[in-house]
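See below for the structure under consideration.
In this chain, numbering begins with 1 at the start of the sequence shown.
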Amino acid sequence: GTGKNGPYLLHAEKYYNLPAGVDQAALSETQARAIITQRRESAPREVGQYQGKPVTVGQGQKGVYVRWNEQYFNVPAGIAVAAVTPAVAIGLITQAQAEVAKNVLATVSKYTIGRNEWGLYVTDGEVKAKFRPGTTEEQARATTAEQAAEMIKNYKAWKKKNAGRK
């Protein structure tokens, strides 16, 4: 059949999209079985646990990924879904956590002060408010919880006021 995402196969009450360029009319049973097998192998699957939470690996539009604790981590190009072992997945997670920790300058109450490619920021876990240009890392580290709360509040107000503007 053909659906909103293009041509598909229906097998055992499950839908499998056909890859681009595959002619649905000329599809043989062998080709169909190969597509189904490939789709099943790339479907998300749990590979283990890390810190008591499930670690899942799958194939997305941008390549192979690992999902843990509501976060996605890209798997390096050239590594197939089937080749991602629990050790590989946990290695990617810990590597990403180390990268994030490297950019954390301070933690004040429930706020984290850090740096990224756009500069210094404060976050409450939901919103990232940037420091004013020219703020040094030492000044950012000296931010109090009250100042951080005020920055987040001001950023939310600015964001609400400027919503929809380009």
Side-chain angles (χ1 to χ4, degrees), residues 1-22 24 27 30-131 140 145 148-149 151-153 155-156 159-160 163-164 166:
T2 301
K4 67 178 184 178
N5 295 324
Y8 64 85
L9 294 170
L10 175 60
H11 176 72
E13 297 183 26
K14 190 154 170 98
Y15 295 92
Y16 301 91
N17 287 333
L18 294 179
V22 174
Q24 190 175 4
L27 192 64
T30 305
Q31 290 171 317
R33 287 189 189 281
I35 290 169
I36 291 168
T37 301
Q38 187 265 333
R39 294 286 196 240
R40 283 185 179 159
E41 288 173 355
S42 65
R45 65 180 169 85
E46 190 172 314
V47 292
Q49 298 267 321
Y50 179 63
Q51 296 180 348
K53 296 185 176 142
V55 177
T56 308
V57 64
Q59 174 79 41
Q61 291 180 334
K62 297 178 182 175
V64 180
Y65 66 85
V66 170
R67 183 170 188 244
W68 171 78
N69 196 23
E70 311 265 336
Q71 295 177 301
Y72 290 87
F73 305 90
N74 290 328
V75 174
I79 298 178
V81 173
V84 178
T85 63
V88 169
I90 291 168
L92 290 167
I93 294 166
T94 55
Q95 181 182 7
Q97 287 176 323
E99 193 67 33
V100 168
K102 183 173 74 176
N103 291 318
V104 172
L105 302 176
T107 303
V108 181
S109 183
K110 68 174 189 172
Y111 303 101
T112 302
I113 297 164
R115 75 169 111 54
N116 60 20
E117 60 265 37
W118 298 286
L120 300 171
Y121 66 88
V122 62
T123 182
D124 61 0
E126 294 178 25
V127 175
K128 277 187 182 174
K130 289 174 30 174
F131 280 89
M151 285 177 67
I152 296 287
K153 185 181 118 196
Y155 177 78
K156 285 179 179 178
K159 190 81 169 169
K160 186 176 182 180
K166 279 275 174 181

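By the 4.5 Å heavy-atom criterion applied to side chains, Val81 and Arg45 are counted as neighbours. Two residues are said to be in side-chain contact when any heavy atoms from C-beta on lie closer than 4.5 Å; Tyr155 and Lys128 fail this criterion. Using a 4.5 Å cut-off on side-chain heavy atoms (C-beta onward), Ile113 and Thr107 make no contact. Using a 4.5 Å heavy-atom cutoff, the side chains of Leu9 and Ile35 are in contact. Residues Leu105 and Thr112 form no side-chain contact, since every pair of their non-hydrogen atoms from C-beta on lies 4.5 Å or further apart. Looking at heavy atoms from C-beta onward, Val75 lies out of side-chain contact with Gln59 at the 4.5 angstrom threshold. No side-chain heavy atom of Val88 sits less than 4.5 Å from a side-chain heavy atom of Val47. The side-chain heavy atoms of Val22 and Pro7, taken from C-beta on, include no pair separated by under 4.5 Å.
Although no hydrogens or angles enter the test, the distance criterion places no donor-acceptor pair under 3.5 Å between the side chain of Thr2 and the main chain of Gly6. Of the possible polar contacts, one joining the Trp68 side chain to the Tyr50 backbone as a donor-acceptor pair under 3.5 Å is found. Not one N or O on the side chain of Asn69 forms a donor-acceptor pair closer than 3.5 Å with the backbone of Gln71. Using modelled atom types, no side-chain atom of Ser109 and backbone atom of Tyr111 make a donor-acceptor pair closer than 3.5 Å.
Heavy-atom minimum distance, Val127 versus Ile152: O-CD1, 3.6 Å. The heavy-atom pair separating Lys130 from Met151 by the smallest distance is O-CE, 3.7 Å. Of all the heavy atoms in Tyr65 and Pro44, the pair that sits closest is OH-CG, 3.5 Å. For the residue pair Val108 and Ala145, the shortest heavy atom distance occurs at CG1-N, 3.2 Å. A pairwise comparison of heavy atoms in Gln49 and Val55 identifies C-CG2, 4.0 Å as the closest pair. Pro76 approaches Leu92 most closely through the heavy-atom pair CD-CD2, 3.9 Å.
Heavy atoms of other residues, nucleotides or ligands lying less than 6.0 angstrom from CD of Glu117 number more than 12.
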side-chain contact (heavy atoms from CB on, under 4.5 Å) evaluation trace for Asn116 with Tyr121: CA-CA 8 Å; Asn116 60 20; Tyr121 66 88; 3.8 Å; yes
Residue pair Lys153, Asp124: steps toward the side-chain contact (heavy atoms from CB on, under 4.5 Å) verdict: CA-CA 11 Å; Lys153 185 181 118 196; Asp124 61 0; over 6 Å; no
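Taken to the nearest 0.5 Å, the CD atom of Gln51 stands 9.5 Å off from the OG1 atom of Thr94. Of the inter-residue distances, the one linking Ile79 atom CD1 with Asn74 atom CG reads 11.5 Å to the nearest 0.5 angstrom.
Classification of the His11-Tyr16 ring pair by plane angle, with boundaries at 30° and 60°, yields tilted.
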